[in-house]
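In what follows, a single structure is set out as structure tokens and then discussed.
None of these values were measured; they are calculated from a predicted model.
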There are 2 protein chains.
Amino acid sequence: MSQHRHPGAPGRAGAVPALPDLPEATVARLPEYLRALHALADTGHETVSSEGLASAAGVNSAKLRKDLSHLGSYGTRGVGYDVTLLIEQIESVLGLTQCRSVALVGVGNLGHALAGYDGFASRGFRIAALLDADPSRVGEEINGLVVRHVDDLPRVAVEESISIGVIATPAPAAQAVADQLVAVGVTSILNFAPCVLSVPEGVDVRKVDLAIELQILSFHEHRKASLTALPGGLAATDTQEAIGT
Amino acid sequence: MSQHRHPGAPGRAGAVPALPDLPEATVARLPEYLRALHALADTGHETVSSEGLASAAGVNSAKLRKDLSHLGSYGTRGVGYDVTLLIEQIESVLGLTQCRSVALVGVGNLGHALAGYDGFASRGFRIAALLDADPSRVGEEINGLVVRHVDDLPRVAVEESISIGVIATPAPAAQAVADQLVAVGVTSILNFAPCVLSVPEGVDVRKVDLAIELQILSFHEHRKASLTALPGGLAATDTQEAIGT
DNA sequence: TGATGTGAAATACTTCACAGCC
DNA sequence: GGCTGTGAAGTATTTCACATCA
């Protein structure tokens, strides 16, 4: 899934938390575990078994245990995991103990929706700035934030100590915006524009493309249709899938 | 990435296109190739090498060739791939030769944005119905479509021959909506609500959770910060990553 | 006893490297 | 000569199955 591979944290034996070198696939699932754990905590659960948490997160329990074992996480044999403790562990590994500031570039249709999405704030992200290249949009107030011109980025980045950039512009503008983000020191970008971004080493880009998701569903739909059309075909044997990343 | 595995199309030797049994990872990349191919076609390219297409799609060329070889696709050695032909092949495999109708449930913040997103129409999907459970939203017109009550789903599904359901409701409502979609025969669901859906076998669910993407970026950001903080640490060696699906 | 943590096996995916064809 | 298609090698991930421990 990813061309990622981080070298293990070198030397310094014994000191500090020591950032375990997690498999990408595990990292991609931790947020889901976290969400499930918060839901459990909200309903008064103090401990949970790997089986219970796994089903709440939509994975199988062996995978969950293996994932958590990478954190060096302590469950209690015969009992399960302490919900509060596990939340703290995962948040610490994901770097969510500090609130991260996000700059959102492009306040069109999708940008508006993202600016108003409360799922960010509730998970420790603060949309700290809205930017757009279109002068007619600059000055507009959305959700208590005033849209600024994208050329203000250098100032904004410093003022708000931006940690993550989100690109919600049309595809043709996306690369230029990415370049601007990189220029002001942003090293993590979430890209909603349907195009490939080229960025220097050390910058992480994740891409979300809504149309791609539909096309993947279309493939399975297409296949199911042709299978059931076959006379001898047994019924489809699919089970739920999720986006892995 | 997926608990998916389809049995190979049985018997019927010799007949029809014969749906090759593609690896999930390949399926997830085909839409990206398709996008890149359309861009190439728009700029007048008639053929493209695996190297050229790969870089336009953000993957390496060996992976691209392997992926295309699964389609049984014909490139020409020494030349490359015929752009138009390859577009047709991929569209046919993904089942995009017919326009698919989408029902979007939940017209809050995100739902509004999705309803207005033109990336769907341009890739062969038609938002055929908008639904919401909130009576105060029913009747509202968005982008030329009137919002209907979610209880109208059975009628709507038949009238518009809905092929894919998109859930953009708050998490607590999502499971009920999924059940309603399944009840009217929808077998492909794209879920934007931050929760796990349980659905019967044969129904495909893909999930997009914007907060999860940010949390994954947060992890890498966190790690980069602690690596550069270490005195002896070599510079980070990341390269771009993308969502796999 | 009952659930975690984990080697080892199985599977999936990626990359290499080159034969084969245009 | 250049580029595709692909076996084989290498990696990553998932799953199994059970030793281990509260």
Looking at [X], does any N or O in its side chain come under 4.0 Å of the phosphate oxygens OP1/OP2 on [N]?
| X | N | value |
| --- | --- | --- |
| A:N60 | D:dT15 | yes |
| B:Y81 | C:dC22 | no |
| A:R29 | D:dT14 | yes |
| A:Y74 | C:dA3 | no |
| A:K63 | D:dT13 | no |

Spacing of [X] atom [atom1] relative to [N] atom [atom2], expressed in whole Å:
| X | N | atom1 | atom2 | result |
| --- | --- | --- | --- | --- |
| A:D67 | D:dT15 | CG | P | 11 Å |
| B:L64 | D:dT4 | CG | C1' | 11 Å |
| B:R65 | C:dC18 | CZ | P | 14 Å |
| A:L30 | D:dT13 | CG | C1' | 15 Å |
| B:E51 | D:dG2 | CD | C1' | 12 Å |
| A:H70 | D:dA12 | NE2 | C1' | 11 Å |
| B:L53 | D:dT4 | CG | C1' | 13 Å |
| B:L71 | D:dT4 | CG | P | 15 Å |

Any donor-acceptor N or O pair under 3.5 Å, side chains [X], [Y]:
| X | Y | answer |
| --- | --- | --- |
| B:S188 | B:D204 | no |
| A:T97 | A:E91 | no |
| B:T84 | B:E46 | no |

(message) Taking the minimum atom-to-atom distance to the side chain of A:S69, which one of C:dT6, C:dT4, D:dT14 wins?
(response) C:dT6
(request) With the side chain of A:E24 defined as its heavy atoms from C-beta on, choose the nearest nucleotide among D:dT13, D:dT15, C:dT4. (result) D:dT13
(request) Would you mind telling me which residue lines up with the more 5' stretch of DNA chain D, B:K66 or B:S49, judged by nearest nucleotide? (result) B:S49
(message) With rounding to the nearest 0.5 angstrom, report the CG to CG distance, A:L68 to A:L53.
(response) 6.5 Å
(message) Tell me whether A:R123 is salt-bridged to B:D209, with the criterion being a basic N under 4.0 Å from an acidic carboxylate O.
(response) yes
(message) Any salt bridge linking B:R29 with B:E32? Criterion: basic side-chain nitrogen under 4.0 Å from a carboxylate oxygen.
(response) no
(message) Looking at B:S50, is its backbone amide N or carbonyl O close enough to the side chain of B:S61 to form a donor-acceptor pair, meaning the two atoms are under 3.5 Å apart?
(response) no
Could you list the protein-to-nucleotides 20-22 of chain D atom pairs, N/O on both sides, closer than 3.5 Å?
residue: D:dT20; atom: O2; partner: A:R77; partner atom: NH1; Å: 2.6

